[in-house]
Q: 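Here it is, the structure, as structure tokens.
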There are 2 protein chains.
Amino acid sequence: MSIEHIKKPLVAVDTVIFTVKDNDLYTLVIKRLHEPFKDQWTLVGGFIDVDKDESIEDTAKRKLAEKTGVLTPYVEQVETIGNATRDPRGWSMTTAYFALISSDNVELKSMRGAVDTKWTKIVDNNIVEKLAYDHEQILSNCLDRLRSKVLYTTLPAYLLPDEFTISEMQKIYEIILGKTIDRKSFQRRMFNANILEETGDMKESGRRPAKLYRLIEKNYTHYFLRNMEGA
Amino acid sequence: MSIEHIKKPLVAVDTVIFTVKDNDLYTLVIKRLHEPFKDQWTLVGGFIDVDKDESIEDTAKRKLAEKTGVLTPYVEQVETIGNATRDPRGWSMTTAYFALISSDNVELKSMRGAVDTKWTKIVDNNIVEKLAYDHEQILSNCLDRLRSKVLYTTLPAYLLPDEFTISEMQKIYEIILGKTIDRKSFQRRMFNANILEETGDMKESGRRPAKLYRLIEKNYTHYFLRNMEGA
DNA sequence: GTAATAGTGTCTCTCAGACACTATCGA
DNA sequence: TCGATAGTGTCTGAGAGACACTATTAC
């Protein structure tokens, strides 16, 4: 059988991009302009363009750049779903990624009056918008991956600005996990990991000023040997 | 732009199936019968058949069943690689899985004189056969995933027969990790996890007989909160 | 002074590593 | 008896959770 005669599935990429703003976790959704599912919300994604994209991760990054206006600092592949029923147009597959970006760094193209793109708050594992296709399942799986990694990595650092206080870092962890963490335990864990250095400056906040830190290695993720309590 | 005009990539599935026999970890490889890469070894895989396969995981399981003769008890998706250069026939992608099976359960179709399929030993992260495409990279990534999961899960149980001694279980862990584990620590960890029950029988071996155990829940994987020493 | 947040001291508990000791088999 | 493997007792140390205490700011 020659390769030309194989019926090929439709191939897409979808990314769940997370950011944290104030006291909440947000993700970016887009309104579809065409059928199927016209006017419904979806994740950031699209078909692979064999002419434009050198690799599948390029597709993810290109779509993200188009929607957020910046290069996303962290992108991780989560899963690929493919079956006969998820798209009414036929057998289709999608590779799902999740991305993290500091809300300080995101140039909110989407918030500049664009009606077809918006950041939506994640409350109790869900968002108010109904998502088309199986995108709610994908969002849920990406959230699970993020939450489980938060228990044993320093991934949330990608959600912080370049300089931050230890309390701000802890707050990000707490927002993702949806629960509070003991301050002393958190600080001991982070300081022992040797990933932070003091900037020398303090953050003034009206109360006692806090030391500012930055990551010693900007794109390094530390893996701890023990989980934080996940129960 | 209509959906029919999008140029679609080639889509394949490849699986690294592991088994442990005697004192070594093995994986199944296949010799290609056609160009490109005719007569070179590859992983177990093939193109998605949009008519036969309901889902992408079905493809993986179907290909495995064809080659091993049995339903594989554990299959996990690892990654999807897609780019313009990995296949000389054009932009192609593959979703990689790894599978685990007890050497007792595998009906070695491949060993019954088939010259195009064989189990090959993994020594130092590698096999003697050179693999076509980027399959060595895929093998390496699946091995990494397996090794890292062994440090905090009971996944290796899928490599054991239904009834086994705790020493046999430990041996599997040691073979995968390539290092010895303290017996007392290992037993404490497994017994505290509450995943094993005594069968009541003993395994006679010429020396002191050992208690036989089985999994309380056959398809449950326990996740520990702490890693074994991975350093 | 108070309120609020930053920062530290320290006790307890869990569990992994290390390692020694005992038990039970065949020869 | 010995050699080999099975099974257990127990000490140590790392690090997480809990929680109390001190420090520094604005008011």
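Not measured: the values here are computed from a predicted model. All values below were derived from every heavy atom in this structure, side-chain atoms included, with hydrogens, water molecules and symmetry-related copies excluded. Note on naming: letters A, B, ... go to the chains in the order of the sequence lines (proteins, then strands), and numbering restarts at 1 for each one.
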Q: Can you tell me the distance, in whole Å, between the CG atom of D182(B) and the P atom of dA20(C)?
A: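 Computing the D182(B):CG to dA20(C):P distance gives 11 Å.
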Q: Looking at L225(B), is its backbone amide N or carbonyl O close enough to the side chain of R226(A) to form a donor-acceptor pair, meaning the two atoms are under 3.5 Å apart?
A: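 It does not hold such a pair.
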Q: Atom CG of L151(A) to atom P of dG15(D): distance rounded to whole Å?
A: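 Taking CG of L151(A) and P of dG15(D), I get 18 Å after rounding.
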Q: Please report the distance, rounded to the nearest Å, between CD in Q187(B) and C1' in dG9(D).
A: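 Checked: the CD to C1' distance equals 13 Å.
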Q: Pick base, sugar-phosphate or nothing for E204(B), based on heavy-atom distances below 4.0 Å to the nucleic acid.
A: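 No contact.
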Q: Could you tell me the separation between the CD atom of E174(A) and the C1' atom of dT5(C), rounded to a whole number of Å?
A: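 That distance rounds to 13 Å.
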Q: What is the distance from CZ of F191(A) to C1' of dG15(D), rounded to the nearest Å?
A: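 Rounding to the nearest Å, CZ of F191(A) and C1' of dG15(D) are 16 Å apart.
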Q: Would you say T27(B)'s side chain and I17(B)'s backbone share a donor-acceptor pair under 3.5 angstrom?
A: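 A pair under 3.5 Å: yes.
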Q: Taking CZ from R226(B) and C1' from dC15(C), how many angstroms apart are they, rounded to a whole number?
A: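 Answer to the nearest Å: 4 Å.
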Q: On DNA chain C, does the nearest nucleotide to K211(A) precede the nearest nucleotide to R188(A) from the 5' side, or the other way round? Give the residue.
A: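 It is K211(A), whose closest nucleotide lies nearer the 5' terminus.
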Q: Compute both the distance and the angle, then confirm whether R145(A) meets the cation-pi test with F98(A): under 6.0 Å from the six-membered ring centre, within 45 degrees of the axis.
A: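 Verdict for F98(A): no cation-pi partner in R145(A).
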Q: Using atom CZ of F186(B) as one end and atom P of dT8(D) as the other, report the distance to the nearest whole Å.
A: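 Distance check: F186(B) CZ to dT8(D) P gives 15 Å.
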Q: How many whole angstroms separate atom OH of Y152(B) from atom P of dC15(C)?
A: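 Taking atom P of dC15(C) as the reference, OH of Y152(B) is at 18 Å.
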Q: Looking at L71(B), I'd like to know if its CG atom is crowded, meaning that more than 12 non-hydrogen atoms belonging to other residues, nucleotides or ligands lie closer than 6.0 Å.
A: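 At most 12 heavy atoms, drawn from other residues, nucleotides or ligands, come within 6.0 Å of this atom.
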Q: Think R189(B) has a side-chain N or O under 4.0 angstrom from the OP1 or OP2 of dA16(C)?
A: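 Yes, such a contact exists.
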Q: Could you tell me whether D162(A) and K218(A) have a side-chain N and a carboxylate O separated by less than 4.0 Å?
A: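 Looking at D162(A) and K218(A), the cut-off is met.
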Q: Please pick, from dT8(D), dT5(C), dC25(C), the nucleotide with the shortest atom-to-atom distance to any side-chain atom of R208(A).
A: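 Nearest nucleotide to the side chain: dT5(C).
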Q: Would you mind classifying the nucleic acid contact of S167(B) as base, sugar-phosphate or nothing, using non-hydrogen atoms under 4.0 angstrom?
A: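 The answer is sugar-phosphate, as S167(B) gets under 4.0 Å only of primed atoms, P, OP1 or OP2.
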Q: K184(B) or N192(A): which one's nearest nucleotide on DNA chain D is closer to the 5' end?
A: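 The answer here is K184(B).
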Q: Return no unless some side-chain N or O of S205(A) is found under 4.0 Å from OP1 or OP2 of dT5(C).
A: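 The answer is no; no side-chain N or O of S205(A) sits under 4.0 Å from OP1 or OP2.
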Q: Want to settle it: does G206(B) or P209(A) sit nearer the 5' end of DNA chain D, counting the closest nucleotide to each?
A: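 First, find each residue's nearest nucleotide; the 5'-ward one identifies G206(B).
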